[in-house]
Each structure stands twice: as structure tokens, then as C-alpha cells.
Number of protein chains: 2
Amino acid sequence: MAFMIAQRAYIKLFLITKVEQRRGYGYQMLEELKQEFAPFGYVPPQSEIYRALHELVQEGVLFRTKQLKGSDPSVDFQEIVLYQFTDDGTEKAELYKKQVKTDLDRCIGMLNKAVRDNY
Amino acid sequence: MAFMIAQRAYIKLFLITKVEQRRGYGYQMLEELKQEFAPFGYVPPQSEIYRALHELVQEGVLFRTKQLKGSDPSVDFQEIVLYQFTDDGTEKAELYKKQVKTDLDRCIGMLNKAVRDNY
DNA sequence: AGATGAACATAGTGTTCATAG
DNA sequence: CTATGAACACTATGTTCATCT
């Protein structure tokens, strides 16, 4: 058993939830996460978000569709990669979340123990 | 800012507290920590305990004294390395603990956020 | 078995670079 | 500046080995 939860797993969790709420793309979700974690002084690195998304595709949870960002192609040519759940992606995601939940609880327990025992 | 607290820092915290309670030696504290963390399925690796102790010595928090384990040298020749606080070790330890506390709280906050936001 | 230490190998990262509109 | 991706570099860690009683 590893000591703490990995950053990758932690980020994947949030990405899954974001895709649950609405189809999203990497850069967008990255910026949102930066905002959310700002109070903790934690800046999720760009590379980790993309690595996490790639892994979720590899694992068959998400699939990619490319698409132009703006509604008017003559104005906005920016191509983005949208992520959404595969057919059985929702199930797989739920399973994954269940596993991560166990680990989260374990980690919280260990950190609380540190506070209890040493302060 | 790193994502999570490092295992090294986490272990150093417990080692400091153990030395506060009584002078101890590596193997002994390792075994105690193994017991304490067993419920979490976490087995602190031997190498990390020694590395942590060496670092605390480097940082001037602890100092070492060698000593025979048993009371009767004709029976027990096992040499152990006892650790105790240096003159200003207590202060340094307190400062270190204060810093780690901040990080512990931050980590607990981030893990709780994960539970709140994704379940 | 108890006890200490270091060497070696690797995974998970952080940082930088490449590309494109 | 938005957006995606990969290459590279590093550091904390896991595993193994060495040594002694």
C-alpha cells in the first residue's frame, strides 16, 4: 500500500466529476481546477491534467471528439478536444471512484492520526 | 507547493514525538510505527525511518549515542543507536512541527474537498 | 532472529519545449 | 494568449544488498 494517494488519481477524480456535469476540454478544466485549489495554494500542473485525461481514455472511461471552439468558424479556428463518457464509461467511472474513495478515507484517517498523535 | 505531504515529513513528525516521550532507537520505533499504522494497511519502510532519523541529525534536531542494548554485556552484545534532542533540538523540533501542521491541515482540507465535491 | 546502513532501481512528478491558431 | 502534447530531468521513494551481533 502506498503512503498517500497519488496526484494523478486525485485529479482523475475531479475530471470525472467535471465530465459528469458537462462535456469539457482539458484547458478549460485545468483553469477551473486552478481556481478551485487556489485557496490551498495548490496549482495543478498542466501536464498532469492531460496525462490524467489520456489515461482515462486508455482505460476506456472517456472518449475524445475534436471540435472548433467558437460557433463561428470564420472568427474562431481554435480546435479543442472534448471529453465525454464511453458507453460503459459511467460504470467504469463509478467503480474507479469507489476505489479512490476507499483510499481517500484511508489518507484522511492517517493525516488525522498525525494531528491527534503529535499535537 | 507540492500536492501532498511527503512520507519523509510525515514520519519525521512521529519520530520527533517518540523521542519526546523517551529516547529511542530506529528499529524499535520502526516496529512501533508498523503496529500503529497496521489498521491503515500502511507499512512504513525500514529505509525511510533511518533516512528520516539521519536527516533529523543533519538538521541538528537529534544527536546519536551508541549503546549496548541489554543490561548484561556478557549476554547481549547488540549495539543500538539511541536518539535524543540536542540543546536547541526541542526548539527546532517545535518549529518543524508547526510547519508540518500547516501542511497537514492543508492536505486534510484538500482530501475533504475531494470527498465533498466528488461523492 | 534483531539492528543499522547504503546502493541501486523506478515511478511519479515538475519543468521545459514543440506545435498550432 | 488559448490549447494540446510530449520530452526531459529530477527527487522521493521502494527494493535489494551488506554488515554485524
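To find a chain, count down the sequence lines: A is the first, B the second, and so on, and within it residues start at 1.
The heavy-atom pair separating B:L13 from A:N118 by the smallest distance is O-OD1, 3.5 Å. The nearest pair of heavy atoms linking A:F85 to A:I16 is CZ-O, 3.8 Å. Nearest heavy atoms, B:I11 versus B:A52: CG2-CB, 4.0 Å.
Regarding B:K66, its NZ atom lies at a distance of 12 Å from the P atom of D:dC20, rounded to whole Å. Here the C1' atom of nucleotide D:dG5 and the CD1 atom of A:I80 are 16 Å apart, to the nearest Å. Going from atom CD of A:E79 over to atom P of C:dG21 covers 9 Å, rounded to whole Å. A straight line from NE2 of A:H54 to C1' of D:dA7 spans 13 Å, rounded to a whole angstrom. Following rounding to the nearest Å, A:F3 (CZ) and C:dT13 (P) show an atom-to-atom distance of 13 Å. In this entry the distance linking CD of A:Q67 with P of C:dG21 reads 18 Å, nearest Å. Between the CZ atom of A:R64 and the P atom of D:dA3 there is a distance of 15 Å, rounded to whole Å. The interatomic distance linking A:I11 (CD1) with C:dG12 (P) rounds to 14 Å, in whole Å.
Note on the helix from C:dA1-D:dT21 to C:dG21-D:dC1: angle between the axes of the first and last five pairs equals 30°, rounded to 10 degrees.
Residues of residues 25-51 of chain B that place a heavy atom closer than 4.0 Å to DNA chain D, in numerical order, are B:P45, B:S47, B:E48, B:R51.
Between B:Y10 and B:F37, the two ring planes are tilted [angle within 30° to 60°].
Between A:C107 and B:M4, every side-chain heavy-atom pair lies at or beyond the 4.5 Å cut-off.
Members clustered with B:I80: B:Y25, B:Y27, B:Y50, B:L82, by chain and number, using a 4.5 Å side-chain heavy-atom cutoff among hydrophobic residues.
Considering OH of A:Y42 and CZ of B:R106, their distance stands at 9.0 Å, rounded to 0.5 Å.
Other residues, nucleotides and ligands place more than 12 heavy atoms under 6.0 Å from the CG atom of B:D88.
For the pair B:A6 and A:V81, both in contact range of DNA chain D, the more 5′-proximal nearest nucleotide belongs to A:V81.
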### Task
Show the numbers, then the answer: is there a salt bridge (Lys or Arg N to Asp or Glu O under 4.0 Å) between A:K92 and A:E59?
CA-CA 9 Å; A:K92 287 183 179 173; A:E59 293 158 6; over 6 Å; no
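Across C:dA6, D:dT13, D:dG5, the shortest atom-to-atom separation from the side chain of A:Y83 is found for D:dG5.
OP1 or OP2 of C:dG14 has at least one side-chain nitrogen or oxygen of A:Q7 nearer than 4.0 Å.
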